[in-house]
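Both counts, for ligands and for their atoms, begin at 1 and track the order of listing. Just so it is clear, the model here is predicted, and its values are computed rather than measured. For reference, positions follow the sequence shown, starting with 1. The figures here come from the full heavy-atom set of this structure, side chains too, leaving out hydrogens, waters and symmetry mates.
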Amino acid sequence: MPLTLAALADDAAGCTRCPLAETRTNVVFGTGDPVTDLMFIGEGPGAQEDEQGLPFVGRSGQLLDRLVLEELGLTRDRVYIANVVKCRPPNNRDPVPDEIAACRPYLESQLELIAPKVVVTLGKFAGQLLLASKEGITRLRGRSYPYGGAVLVPTVHPAYVLRGGAEPMAQMRADLVRARLALRDAGSPLAEAVPAS
Ligand code: URA
């Protein structure tokens with residue numbers, strides 16, 4: 001039987017491939033439209049995501065929702081949102097390489113099954129993983145990359161934007177505009193949504 005996103009989520013719900021399984025409340029598999037052209041990939045769940053089992057529901061998520069609406073005219077039900085690691089690292093520490101490696105097959109299967117035309121990575125961990133790079137996010141962002149048959153647009157993490165300063169905000173907005181242009185170039189109907197002003 002071919003693998004479906006629902007079957008993959010069921011499998012992930014019982015995952016014990018890394019020690020994060022011992023401290024998580026919920027596996028945060030991903031949310032949104034499973035046949036979308038646009039996928040966002042963050043780092044890993046925080047406290048509220050762990051509590052609710054949904055990605056980007058805390059302050060970072062609220063900012064992400066707002067900027068995606070303002071720059072692309074899209075609500076979260078029209079895109080798909082997932083993370084590099086599906087379980088919360090304790091005390092919001094960074095995920096370690098073994099955890100990222102253990103979780104990677106889930107993300108790769110999500111990307112294969114959803115087959116988005118445009119992938120936006122949020123922050124260093126997702127950008128480095130998908131681009132197989134060790135460069136920091138400030139060097140990676142600012143352009144788009146081919147990613148299989150898709151286009152990958154790396155941007156900063158919304159938590160970094162929340163820490164303040166006009167520049168991170170302007171960078172994230174510019175990268176979201178880049179994602180919109182990539183959707184348009186790919187002929188995606190998502191590019192026809194009208195950005196909220
Ligand atoms: N930060 C992330 O990278 N992912 C989430 O789901 C929430 C916060």
Side-chain angles (χ1 to χ4, degrees), residues 5 8-9 12-13 15 17-18 20-21 23-34 36 38-69 71-72 74-111 114 116 118-131 133 135-138 140-141 152-165 168-169 171-173 175-176 179:
L5 210 54
L8 191 67
C15 181
R17 292 182 195 178
C18 88
L20 295 181
T23 49
R24 72 173 180 235
T25 309
N26 285 296
V27 172
V28 180
F29 180 71
T31 192
D33 180 356
T36 186
L38 178 59
M39 184 162 167
F40 290 88
I41 304 173
E43 176 181 322
Q48 292 181 66
E49 288 79 17
D50 176 60
E51 199 58 44
Q52 295 183 39
L54 291 168
F56 282 102
V57 288
R59 283 186 68 221
S60 290
Q62 285 160 21
L63 179 66
L64 178 66
D65 286 351
R66 177 162 77 82
L67 294 183
V68 170
L69 195 61
E71 300 301 339
L72 290 126
L74 298 171
T75 47
R76 63 162 54 205
D77 54 312
R78 300 195 63 194
V79 304
Y80 196 88
I81 308 175
N83 280 306
V84 167
V85 293
K86 312 297 190 215
C87 297
R88 182 190 181 204
N91 305 314
N92 295 343
R93 66 159 169 73
D94 290 343
V96 300
D98 280 356
E99 293 159 356
I100 293 173
C103 217
R104 184 177 183 154
Y106 287 120
L107 181 62
E108 283 175 348
S109 295
Q110 284 174 308
L111 281 160
I114 297 165
V118 178
V119 178
V120 176
T121 54
L122 304 162
K124 166 177 110 166
F125 288 93
Q128 288 183 340
L129 180 69
L130 266 59
L131 291 170
S133 171
E135 289 287 5
I137 189 61
T138 44
L140 287 179
R141 66 153 297 279
L152 190 149
V153 179
T155 192
V156 294
H157 196 283
Y160 170 66
V161 180
L162 279 176
R163 284 200 283 277
M169 176 68 95
Q171 289 174 337
M172 190 159 177
R173 284 190 186 277
D175 294 332
L176 291 175

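- The distance criterion of under 3.5 Å between nitrogen or oxygen atoms is not met by Gly46 with respect to ligand 1.
- In this structure, Gly58 falls outside the shell of residues with a heavy atom less than 4.0 angstrom from ligand 1.
- Close contacts of ligand 1 with Gly42, meaning ligand atoms under 4.0 Å from a residue heavy atom, involve 3 (O).
- Given atom 4 (N) of ligand 1, the protein heavy atom at minimum distance is Asn83 OD1, 2.8 Å.
- With a heavy-atom cut-off of 4.0 Å, Glu43 touches ligand 1 through backbone and side chain alike.
- At a threshold of 4.5 Å between non-hydrogen side-chain atoms, the residues Asp65 and Phe56 do not count as touching.
- For ligand 1, the atoms closer than 4.0 angstrom to any heavy atom of His157 are 1 (N), 2 (C), 3 (O).
- Other residues, nucleotides and ligands place no more than 12 heavy atoms under 6.0 Å from the CG atom of Asn91.
- The side chain to side chain donor-acceptor pair (under 3.5 Å) analysis of residues 46-63, with sequence neighbours excluded, yields the pairs Thr25-Asp50.
- Close approach of ligand 1 to Pro55 is summarised as follows: ligand atoms under 4.0 Å from at least one heavy atom of the residue are 6 (O).
- In this structure, the side chain of Thr31 does not engage the main chain of Ile81 through any donor-acceptor pair within 3.5 Å.
- Proximity of Glu99 to Val84: side-chain heavy atoms (C-beta onward) are nowhere separated by under 4.5 Å.
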